[in-house]
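Take a look at the structure set out below.
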Amino acid sequence: MAKLPKVPKRIPKPPGPPTPPPRARPQYPGPRQVYPSTGRDAAKRVWEERPRIADSMLSEEAKRAPAHVNKVQRWRQIPIFLGGLTAFGLGMYGMQLYNSIITAEEVENLPEDFIDRFDKEAEGYDEKVNMAETLLLLNKRRKDITKRVRGHVLEVAVGTGRNIPYYPTKQCATVTLLDYSAPMLAVAKRKWKDTHPEYFSRVFFKHQSALQPITPPFDARDGYDTVVQTMGLCSTPDPIKLLHNLEAATNEDGGRILLLEHGRSHYQWMNDMLDKTASGHADAHGCFWNKDIGGIVEKSGLEVVDLKRYNFGTTWWIELKPRQGKGYKRPVTMAIVDAVKGSEEQAPVSPASGSGVPQRSWWSFWR
């Protein structure tokens, strides 16, 4: 019997068309790794991408390149944005100022002493005036006037100590800070301790009115070498007496009085606005901003060394010096002490010894 053929394990398929090679997958860039950067790093990166002067030498084709066009457009946006923001801020401030002027009402029966306003606003005073002083560049004026102090220094109407960060303590022998408001003087004391802790032993805090006689510390035997007052004449009821009081505490031999005040302007339209809002401003903040600072200084009789005006003439920067015979006079007790010390230095010489060695007086043992 014939054997049947075995069934093959795999039936061969007829050959088909050749399979195409596999398509290559597109290579997409992976996610960019973002590193945390600070504001300084971002600003540095933007500054490095700024258009350069050498870009003006590029060819027309290079200037029309997308990378160059994007860089120029990006840098054009920055000044436009900052200019628009500044214009918006100034416009809003001007509108508020104009609205406050046209709606201002005359306030009657104002007190002569506004100490209660300063006591109430002591803790939040810096935040209240920061923006206005920044816009008027008064912080720069404070810094310029404070860096001129030297020797024994007196600052009157120190307030919350807005000049304290600018004090060149290495030029100061002693510093006396005086104010009539105890809460404001407490803020100034805290600020000085935080700013100049190494100089705290040579600073004195006086709680008194500047219209009262001011006594220098014992080391300042000839009076204060520098007297500073910023924004003080506007809030005192007798500014001429105040200047005479400062003169009486200043050393006649080279002493200086430095004032930074706000008052009347060069322009009449500005003075009209100040006059219209003066009473309301005084009722709210405790100072009259329409005082004639130049007239006050002229009536005081002090000698003007230098005078500058800023902000339409409303900010006064004045340097004065005391008149001869009107400066600080040493008390009689201090003069006696100096005379006694001088006599001890010039002790008698014994004629018997014939030497130049000073001898101690016999009665000095009992003193």
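Just so it is clear, the values below take in all heavy atoms, side chains as well, and ignore hydrogens, waters and symmetry mates. Computed from a predicted model, the values in this text were never measured in an experiment. In what follows, residues are counted from 1 in the order of the sequence shown.
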Can you name the side chain to side chain donor-acceptor pair (under 3.5 Å) partners of [X], sequence neighbours left out?
X    : answer
T160 : D126
D283 : R117
Q73  : none
K140 : D144

*In a check of ring pair (Phe, Tyr, Trp, His ring centres under 6.0 Å) between W192 and each of F204, Y167, F200, which one passes?*
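Testing each of F204, Y167, F200 against W192, the sole residue satisfying ring pair (Phe, Tyr, Trp, His ring centres under 6.0 Å) is Y167.
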Can you list the residues that meet the ring-ring contact (aromatic ring centres under 6.0 Å, His included) rule with [X], with sequence neighbours excluded?
X    : result
W317 : none
Y125 : none
H281 : H285, W289

Just verifying a value: how many Å separate [X] [atom1] and [Y] [atom2], rounded to the nearest 0.5 Å?
X    : Y    : atom1 : atom2 : result
I164 : D194 : CD1   : CG    : 9.5 Å
L135 : L90  : CG    : CG    : 7.0 Å
N251 : D222 : CG    : CG    : 5.0 Å

[Y] versus [X], side-chain donor and acceptor atoms under 3.5 Å:
X    : Y    : answer
N130 : R162 : yes
N290 : D275 : yes
S181 : D119 : yes

*asked:* Just to verify, what does R52 make a side-chain contact (heavy atoms from CB on, under 4.5 Å) with, not counting sequence neighbours?
replied: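 R52: side-chain contact (heavy atoms from CB on, under 4.5 Å) contacts with R50, D55.
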_Heavy-atom check, side chain of F118 versus side chain of L185, under 4.5 Å_ =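 No, too far: nothing below the 4.5 Å cut-off.
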List the atom pairs, donor and acceptor, that lie under 3.5 Å between side-chain atoms in residues 206-218 and the rest of the protein, sequence neighbours left out.
from, atom 1, to, atom 2, distance (Å)
H207, NE2, Y180, O, 3.1
Q208, NE2, P213, O, 3.4
S209, OG, L211, N, 3.2

Which donor-acceptor pairs under 3.5 Å do side chains of residues 223-231 form with protein atoms, sequence neighbours excluded?
from, atom 1, to, atom 2, distance (Å)
Y224, OH, T176, OG1, 3.3
D225, OD2, H152, N, 2.9
T226, OG1, R150, N, 3.2
T226, OG1, R150, O, 3.1
Q229, NE2, E261, OE2, 3.1
T230, OG1, R142, NH1, 3.3
T230, OG1, N163, ND2, 3.1

*asked:* Looking at every heavy atom in both L320 and L259, which two are closest together, and how far apart are they?
replied: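 Reported closest heavy-atom pair: CD1-CD1, 3.8 Å.
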_Salt bridge or not between R190 and E123? Use side-chain N to carboxylate O under 4.0 Å._
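Judged by the 4.0 Å cut-off on N to carboxylate O distance, R190 and E123 do form a salt bridge.
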*Does R141 pair with E133 as a salt bridge, N-O distance under 4.0 Å?*
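No.
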*Who pairs with R323 by salt bridge (Lys or Arg N to Asp or Glu O under 4.0 Å), at least two apart in sequence or on another chain?*
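With sequence neighbours excluded, R323 shows a salt bridge (Lys or Arg N to Asp or Glu O under 4.0 Å) to E247, given in chain and number order.
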*Can you run down the salt bridge (Lys or Arg N to Asp or Glu O under 4.0 Å) pairs that involve residues 78-88, sequence neighbours left out, and say none if there aren't any?*
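Every pair satisfying salt bridge (Lys or Arg N to Asp or Glu O under 4.0 Å) with a residue in residues 78-88: there are none.
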